[in-house]
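Take a look at the structure set out below.
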Amino acid sequence: MIPTFSLEEVLKSSKLDKNLLAIADKVINKERLTEEEGVLLFEKGELGFVGALANHIAQRLHHNKVYFNRNFHIEPTNVCVFTCNFCSYSRQYKHRDEGWELGIEQMLDIVRKYDGQPVTEVHIVGGVHPKMNLEFFCELLSKIREHRPDMHIKGFTAVELDYMFRKAKLTAEEGLTKLKEAGLQSMPGGGAEIFHPDIRNEICADKVDAEGWLHIHETAHKLGMHTNATMLYGHIEKYEHRVDHMSRLRTLQDKTGGFNCFIPLKFRNKDNDMSNVPESSIVEDMRMYAIARIFIDNIRNLKAYWPMLGRQSAQLTLSFGVNDLDGTIDDSTKIYSMAGSEEQTPAMTTEDICDLITAVGKIPVERDTLYNEIKVYDAVEEA
Ligand code: V47
Ligand code: SF4
């Protein structure tokens, strides 16, 4: 079993910096950290210290429960009008013969493959294709809804939506209302990358900026839709950029309460224009998850997305504040396999996921997209 760090033991250490001790006091008293304190945690907080604090918070919120979801992905295309330097997945329109472009019937065939299976969510995400417009996606959504009315449809990053709405000459509110009427129920968290313009302009200059991304999510929340939020870390950003990013999300969450979960995404460096940038170490990954859990005090769920992190590292994050493994049973996503993830054909059965969770002394809980509990798997029960 992986050891979890006891807060009491860690606080007994006489070597602790007094500012770190003050942060620990704040965490124990449920007080919010400032941005300066967030940066200090990244600079000085050792793995055991941040792990103990993160674990304390996760226990307070979720006891020993770790959530997973039964879902599958549809990736309509990897053709993209944008040119993010970290992306190993996209192909420009002029090279579209090297990529894929699915029609509505082909995507419905993917949905039909899961007929009779207890999946609760479909996650639709892909490149930004210049010819796949709002009308096309409304048709797709309504046909999925008609075929499988019980299944939650989570779809489209704010990057895809921003482009779709600008082309249709609609505001975010008008565009989201149309998609919602067609069947869209929530939005994934992609496209956030790093909000700070100093970094954003270096890694993904041509797509929607921080204000645009946040505006689309705020509008979705206003329309009653929940959304997720991501952060692409471990490349050229500095600690203050990570804290700035998390702080902007924390501020919007105070306003709307619409974020379901936060997902730090580890930068993978295979076959992209940033392949010269080394990947973060596993210690840095665990510190990232722990500090996210400590700093963002108003988003209840912290997700480790195992197809990108690899299942062993994802399992380790459960001792660093993570309470959600996403848990895709058949994840056909190519975003990470093409960028060098250990998971080349990501698929885990419910039993695999439950084993991963129980092996670190936690309780697997199947959830729906909105974190309603579907089934708690206790130790004696077969998955
Ligand atoms: O925005 C692209 C990331 C994201 C690389 O909301 C990369 O439940 C690492 O956001 N290395 C899209 N990351 C995927 C995404 C997501 C995935 C799973 C669940 C949810 C959710 C959202 O993938 C992009 C970008 O940040 N990405 N290339 C790369 N080389
Ligand atoms: Fe396009 Fe998304 Fe890749 Fe950027 S990360 S190039 S928006 S597919």
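FYI, the numbering just counts along the sequence from 1.
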Taking the side chain as C-beta and beyond, is there a heavy-atom pair between [X] and [Y] under 4.5 Å?
X	Y	value
Arg60	Lys30	yes
Val122	Ile110	no
Asn228	Met187	no
Asn372	Arg367	no
Pro364	Val66	no

Parallel, tilted or perpendicular: rings of [Y] and [X] (30°, 60°):
X	Y	value
Phe267	His235	perpendicular
Tyr233	Tyr289	perpendicular
Tyr377	Phe68	tilted

Yes or no on side-chain contact (heavy atoms from CB on, under 4.5 Å) for Asn301 and Asn323, after CA distance, side-chain angles and deciding distance? CA-CA 6 Å; Asn301 300 297; Asn323 71 299; 2.8 Å; yes
May I ask you to say whether [X] pairs ionically with [Y], meaning some side-chain N is under 4.0 Å from a carboxylate O?
X	Y	value
Arg148	Asp150	yes
Lys113	Asp109	no
Glu105	Arg112	yes
Asp254	Arg250	no
Lys169	Glu174	no

Mind checking side-chain contact (heavy atoms from CB on, under 4.5 Å) for [X] and listing every partner two or more places apart, or none if nothing turns up?
X	value
Ala168	Leu134, Leu170
Lys167	Tyr163
Glu35	Val243, Ser247, Phe295
Glu36	Thr34

Between [X] and [Y], is there a donor-acceptor pair closer than 3.5 Å when you use the side chain of the first and the backbone of the second?
X	Y	result
Gln315	Leu356	yes
Ser90	Asn78	no
Asn272	Phe86	yes
Glu284	Ser281	no

Filter on side-chain hydrogen bond (donor to acceptor under 3.5 Å, both in side chains), then keep only pairs touching residues 189-202, sequence neighbours left out; what's left?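 Listed by first then second residue: Glu193-Lys207.
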Going by side-chain hydrogen bond (donor to acceptor under 3.5 Å, both in side chains), name the residues that satisfy it together with Glu43, two or more places apart in sequence or in a different chain. none
Check side-chain hydrogen bond (donor to acceptor under 3.5 Å, both in side chains) between His226 and all other residues, then give those that pass, not counting sequence neighbours.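 Here no residue qualifies.
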Could you give all pairs that pass the salt bridge (Lys or Arg N to Asp or Glu O under 4.0 Å) test and reach residues 114-136, with sequence neighbours left out? Glu121-Lys154
Taking only distance into account, with no hydrogens and no angle test, what donor-acceptor pairs under 3.5 Å do side-chain atoms of residues 176-184 form with protein atoms, sequence neighbours excluded?
from   : atom 1 : to     : atom 2 : distance (Å)
Thr177 : OG1    : Glu173 : O      : 2.5
Lys180 : NZ     : Leu223 : O      : 2.7

Can you list everything that forms a ring-ring contact (aromatic ring centres under 6.0 Å, His included) with His217? Sequence neighbours excluded, please.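 Listed in chain order: Trp213, Phe259.
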Using the ring-ring contact (aromatic ring centres under 6.0 Å, His included) criterion, which residues pair with Phe137? Sequence neighbours excluded.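 Only Phe156 meet the ring-ring contact (aromatic ring centres under 6.0 Å, His included) criterion with Phe137.
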Answer yes or no: are there more than 12 heavy-atom neighbours, outside Glu37 itself, under 6.0 Å from its atom CD?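 Enclosed: over 12 neighbouring heavy atoms sit under 6.0 Å from CD of Glu37.
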Pair His62-Lys362, side-chain contact (heavy atoms from CB on, under 4.5 Å): steps then yes or no: CA-CA 10 Å; His62 302 287; Lys362 306 264 178 184; over 6 Å; no
Could you go step by step and tell me if Ile104 and Lys143 meet the side-chain contact (heavy atoms from CB on, under 4.5 Å) rule? CA-CA 9 Å; Ile104 290 191; Lys143 289 197 165 149; 4.0 Å; yes
Worked check of side-chain contact (heavy atoms from CB on, under 4.5 Å) between Thr230 and Thr157: CA-CA 10 Å; Thr230 59; Thr157 65; over 6 Å; no
For Tyr93, the hydrophobic cluster (side chain heavy atoms closer than 4.5 Å, chained through members) also holds Val79
